[in-house]
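Remember, it's 1-based here, ligands and their atoms both numbered in the order they're listed. Please read these numbers as outputs of a predicted model, since none were measured by experiment.
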Amino acid sequence: METATSIEELQREFAIPDIAGIVAGDGGLPKVRITTPQAEGEMYVHGAHVTSWKPAGAEEVLFLSSRSQWHEGIAIRGGVPICFPWFRAKSDDAKAPAHGFVRTKGWTLDSIARQANAVTVTMSTVSDDDTRKWWPFDFRLVHRATFGAELKLELEVTNTGSAPLRFEEALHSYHRVGQISEVHLRGLDGVVYLDNTDSNCEKMQHGDVAIVKQTDNAYVNTANAVELLDTGLCRRIRVIKENSLTTVVWNPWQEGARSLPDLGKNQWQQMVCVEASNVLGFAVDLAPGAQHRMGATIRVEDL
Ligand code: TA6
């Protein structure tokens, strides 16, 4: 019962009474459960994957598919998958896993720390023989998630090797919405984007982003915050970025959802991804020994 033992060990080492505990989540996978007066949240050791954030007085902010799989080697559908060290398909290897190899593996729980009104969960993963088969470089990746009145996510990459790194990264956040046709995204007006539903051709965003069809836009050279205006749930979700120069907006729409068996029936209508990222032409170059931190702060307010 290795997993049960590891959950018991993690609980003994990291639990904070009444604030944070480690329990068996879906599929029996270990998850950190946060319950404070300011917020509730969940983060799986699998993929260092945040799956829930519910600030006091608000409904759940993240979308989680009712049909997600919960297995080693498979990404959870929803929450905040971590994409690293490439985004989408690997350009030189069609057999490589989409969005890299860190969202589908167990990480290490390093700490759970209480600040004033928030709890920070830190998890990490490092290069090994398995990762070097796909990507022959050395790195340490840390994901810090701070659950409070806002959700702060930070992805820290350290080049632990002797060769320069070039990597893509994304905090692939699935946001829960009332009805996708009643959602607008503000903050990308005048920003150039590559439309992945149209051979990645370059276009210009005019005004707010309305989601009225399959949408897979990589907005480039933008550090802008993005506001998700959801009249269905009468709220706005703000995504404020740090050290991120691309923002990906994705909704599969009905036709794209057909190829996603782990997305619940018609649930494409209740989600939209707004992803702080550094992808495509904005991959990050990192010298040996250097560090790079990308962040996203998510806030929710009534409309
Ligand atoms: O971030 C948008 C995207 O790259 C889309 O192209 C779509 O593939 C989505 O990610 C989901 O990817 P996944 O591998 O999680 O099914």
Side-chain angles (χ1 to χ4, degrees), residues 44 46-51 62-91 93-105 134 143 153 155 167-177 180 183 185 188 191 193-203 205 209 211 213-220 222 226 228 237 239 241 244-265 267-283 294 296 298:
Y44 279 77
H46 178 67
H49 199 128
V50 174
T51 51
L62 300 177
F63 168 85
L64 191 60
S65 169
S66 58
R67 286 185 186 158
S68 179
Q69 299 191 63
W70 302 90
H71 301 296
E72 194 65 26
I74 296 175
I76 295 167
R77 177 68 67 191
V80 186
I82 307 287
C83 304
F84 176 87
W86 61 80
F87 186 72
R88 291 180 183 146
K90 190 169 189 284
S91 55
D93 184 349
K95 293 191 303 299
H99 291 323
F101 44 63
V102 299
R103 64 173 181 163
T104 53
K105 63 184 287 192
W134 293 115
H143 184 205
L153 305 172
L155 203 52
F167 61 88
E168 294 177 293
E169 57 184 349
L171 291 163
H172 195 301
S173 310
Y174 285 70
H175 295 286
R176 179 173 162 271
V177 298
I180 190 63
V183 167
L185 301 179
L188 296 166
V191 177
Y193 66 93
L194 306 178
D195 182 346
N196 196 33
T197 67
D198 186 9
S199 309
N200 253 338
C201 77
E202 193 171 294
K203 300 178 179 177
Q205 181 62 40
V209 181
I211 313 284
K213 61 183 176 62
Q214 183 168 5
T215 302
D216 193 358
N217 299 343
Y219 292 84
V220 295
T222 173
V226 174
L228 190 166
I237 296 173
V239 180
K241 309 194 303 177
S244 156
L245 286 179
T246 58
T247 301
V248 180
V249 174
W250 175 62
N251 179 282
W253 210 253
Q254 189 168 25
E255 69 268 28
R258 289 193 191 101
S259 64
L260 301 173
D262 59 348
L263 184 61
K265 183 173 170 49
Q267 285 190 320
W268 58 272
Q269 300 180 56
Q270 275 81 49
M271 55 140 290
V272 62
C273 289
V274 179
E275 307 164 31
S277 52
N278 289 298
V279 298
L280 304 175
F282 292 81
M294 176 179 75
I298 301 172

Give the residue and atom name of whichever protein heavy atom lies nearest to atom 11 (C) of ligand 1, and the separation in Å to one decimal. W250 CH2, 3.7 Å
Taking S277 for the side chain and T246 for the main chain, is one N or O donor matched with an acceptor at less than 3.5 Å? yes
Minimum non-hydrogen distance to atom 14 (O) of ligand 1, winning option of R88, R103, H172: R103
W70 (side chain) donor-acceptor with S68 (main chain) under 3.5 angstrom: yes
among protein heavy atoms, the one nearest atom 2 (C) of ligand 1 is D216 OD1, 3.5 Å
Look only at the side chain of T197 and the backbone of T215, and say whether a donor-acceptor pair between them is shorter than 3.5 Å. no
Using a 4.0 Å cut-off to any heavy atom of E275, which atoms of ligand 1 qualify? 1 (O), 2 (C)
min-distance protein heavy atom vs atom 8 (O) of ligand 1 -> H99 NE2, 4.6 Å
Could you work out, with side chain to side chain donor-acceptor pair (under 3.5 Å) as the rule, every residue matching K213, not counting sequence neighbours? none
How far is atom 13 (P) of ligand 1 from its nearest protein heavy atom, and which residue and atom is that? R77 NH1, 3.7 Å
Over 60° means perpendicular and under 30° means parallel, so tell me whether W86 and W134 are parallel, tilted or perpendicular. perpendicular
Among V248, V220, T247, which residue satisfies the side-chain contact (heavy atoms from CB on, under 4.5 Å) criterion with V279? V248
Q214 near ligand 1, heavy-atom distance under 4.0 Å? no
Near N196, which atoms of ligand 1 are under 4.0 Å from a heavy atom of that residue? 6 (O)
